[in-house]
Engineer: 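Okay, handing you the structure first.
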Amino acid sequence: MTIREMCDTFDVTARTLRFYEAKELLFPHRDGQKRNFTKRDRARLKLILRGKRFGFSLEEIRQLLDLYDCEDKQHTQIQRTYDIAKERMQDMINQRDELNEAIEDLKAQLAWGEQQIAQAMQKKG
């Protein structure tokens, strides 16, 4: 695939693809200035985007992608991915809980503010 086809297929920018190439996450074949992405690059990009969506760091993604070539039928890669995903899930749950708490606090502050405004309006009227 060309860089344009990759951009269209995965809804990313050419800059994103060049960034991932510079970070040695993708390895397109180069013909002068032209980049040709292989089936392997497409699979790697799919995993990169999924990892980013789940909040994995680029370094974690790189390490997981590098484990693909292990001789143990990807057992090491699967186990490490599972471990990182489990940690990330707990982080996300903690963030959600903190956000829910902040939302409840803000709702209480808004209710207090409404009461203050209503009391001020009663005193005026």
Side-chain angles (χ1 to χ4, degrees):
M1 289 181 116
T2 66
I3 198 164
R4 176 61 30 222
E5 291 169 328
M6 288 286 280
C7 290
D8 292 343
T9 301
F10 293 98
D11 195 27
V12 296
T13 64
R15 183 177 181 183
T16 297
L17 293 175
R18 287 191 294 270
F19 177 77
Y20 290 152
E21 181 182 1
K23 294 292 185 183
E24 297 181 346
L25 295 169
L26 297 175
F27 304 95
H29 296 287
R30 295 182 70 111
D31 183 18
Q33 291 289 355
K34 262 181 105 172
R35 289 172 176 84
N36 291 308
F37 293 89
T38 64
K39 187 176 183 178
R40 184 172 193 243
D41 289 316
R42 292 190 298 272
R44 288 174 71 91
L45 182 57
K46 200 180 287 187
L47 293 172
I48 291 165
L49 296 174
R50 183 177 297 152
K52 291 293 293 170
R53 182 170 163 249
F54 294 149
F56 290 16
S57 72
L58 285 181
E59 185 54 35
E60 289 170 328
I61 293 168
R62 177 198 332 282
Q63 290 172 10
L64 294 173
L65 291 172
D66 288 347
L67 289 173
Y68 180 79
D69 294 325
C70 285
E71 298 295 322
D72 63 357
K73 298 186 185 206
Q74 286 73 52
H75 175 74
T76 302
Q77 183 188 41
I78 292 166
Q79 182 64 54
R80 184 69 184 125
T81 301
Y82 177 84
D83 292 342
I84 292 172
K86 203 168 178 185
E87 289 172 19
R88 184 63 191 131
M89 174 69 84
Q90 190 57 55
D91 290 344
M92 291 169 79
I93 289 169
N94 292 343
Q95 288 173 346
R96 182 196 61 202
D97 292 347
E98 289 172 12
L99 187 55
N100 285 337
E101 188 176 318
I103 289 169
E104 291 306 314
D105 288 347
L106 185 54
K107 283 180 181 178
Q109 288 299 310
L110 288 171
W112 178 84
E114 287 174 10
Q115 287 177 342
Q116 297 302 309
I117 292 168
Q119 288 175 1
M121 296 301 278
Q122 284 177 350
K123 288 180 183 177
K124 277 186 174 182

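Everything quoted here is computed from the prediction, not taken from an experiment. The chain is numbered in sequence order, starting from 1.
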Engineer: Can you confirm whether the side chains of Gln63 and Glu59 place a donor and an acceptor under 3.5 Å from each other?
Structural biologist: yes

Engineer: Should we say atom CZ of Arg30 is surrounded by more than 12 heavy atoms from elsewhere, each under 6.0 Å from it?
Structural biologist: yes

Engineer: Provide the closest heavy-atom pair for Leu26 versus Arg44 in the form atom of the first, atom of the second, distance.
Structural biologist: CD2-CB, 4.0 Å

Engineer: Identify, with sequence neighbours excluded, every residue that meets salt bridge (charged side-chain N to carboxylate O under 4.0 Å, His left out) alongside Lys124.
Structural biologist: none

Engineer: Working to the nearest 0.5 Å, report the span between OG1 of Thr81 and CG of Leu67.
Structural biologist: 7.5 Å

Engineer: Which heavy atom of Arg42 sits nearest a heavy atom of Phe37, and at what distance?
Structural biologist: NH1-O, 3.4 Å

Engineer: Please round to the nearest 0.5 Å and tell me the distance separating atom CG of Asp66 and atom CZ of Arg80.
Structural biologist: 12.5 Å

Engineer: Whether the side chain of Asn100 engages the backbone of Asp97 through a donor-acceptor N/O pair (distance < 3.5 Å, no angle test) should be reported.
Structural biologist: no

Engineer: In sequence, state the C-alpha distance, the side-chain angles, and the governing distance for Asp41 and Leu45, and then conclude on side-chain contact (heavy atoms from CB on, under 4.5 Å).
Structural biologist: CA-CA 6 Å; Asp41 289 316; Leu45 182 57; over 6 Å; no

Engineer: Do His29 and Thr38 have side-chain heavy atoms sitting under 4.5 Å apart?
Structural biologist: yes

Engineer: Closest heavy-atom contact between Ala14 and Cys7?
Structural biologist: N-SG, 3.3 Å

Engineer: Give a yes or no on whether Phe10 and Phe19 share a hydrophobic cluster (residues Ile, Leu, Val, Met, Phe, Trp, Tyr; joining criterion: side-chain heavy atoms under 4.5 Å apart).
Structural biologist: yes

Engineer: Is the side chain of Arg62 donor-acceptor paired with the backbone N or O of Leu25 at a distance under 3.5 Å, no angle test?
Structural biologist: no

Engineer: How far apart are the closest heavy atoms of Met92 and Phe54, and which atoms are they?
Structural biologist: SD-O, 4.0 Å

Engineer: Closest approach of Met1 and Thr9, non-hydrogen atoms and distance?
Structural biologist: CE-OG1, 3.0 Å

Engineer: Tell me the closest heavy-atom pair linking Leu65 and Ile48, and the distance in Å.
Structural biologist: CD1-CG1, 3.8 Å

Engineer: Could you tell me whether Arg4 and Asp8 make a salt bridge, using a distance below 4.0 angstrom between a side-chain N and a carboxylate O?
Structural biologist: yes

Engineer: Tell me the side-chain hydrogen bond (donor to acceptor under 3.5 Å, both in side chains) pairs involving residues 82-94, sequence neighbours left out?
Structural biologist: Gln79-Asp83, Gln90-Asn94

Engineer: Say whether Met89 and Ile84 are linked into one hydrophobic cluster, either directly or through other cluster members, by side-chain heavy-atom distances under 4.5 angstrom.
Structural biologist: no

Engineer: If hydrophobic clusters are built by linking Ile, Leu, Val, Met, Phe, Trp and Tyr wherever their side-chain heavy atoms come under 4.5 Å apart, do Leu58 and Val12 end up in the same one?
Structural biologist: yes

Engineer: When clusters are formed from ILVMFWY side-chain contacts under 4.5 Å, directly or step by step, what else is grouped with Leu99?
Structural biologist: Ile103

Engineer: Taking Arg18 first and then Glu21, would you say they form a salt bridge - that is, a charged N and a carboxylate O separated by under 4.0 Å?
Structural biologist: no

Engineer: When hydrophobic residues are tied together by side-chain contacts of less than 4.5 Å, even through go-betweens, does Leu17 share a cluster with Phe27?
Structural biologist: no

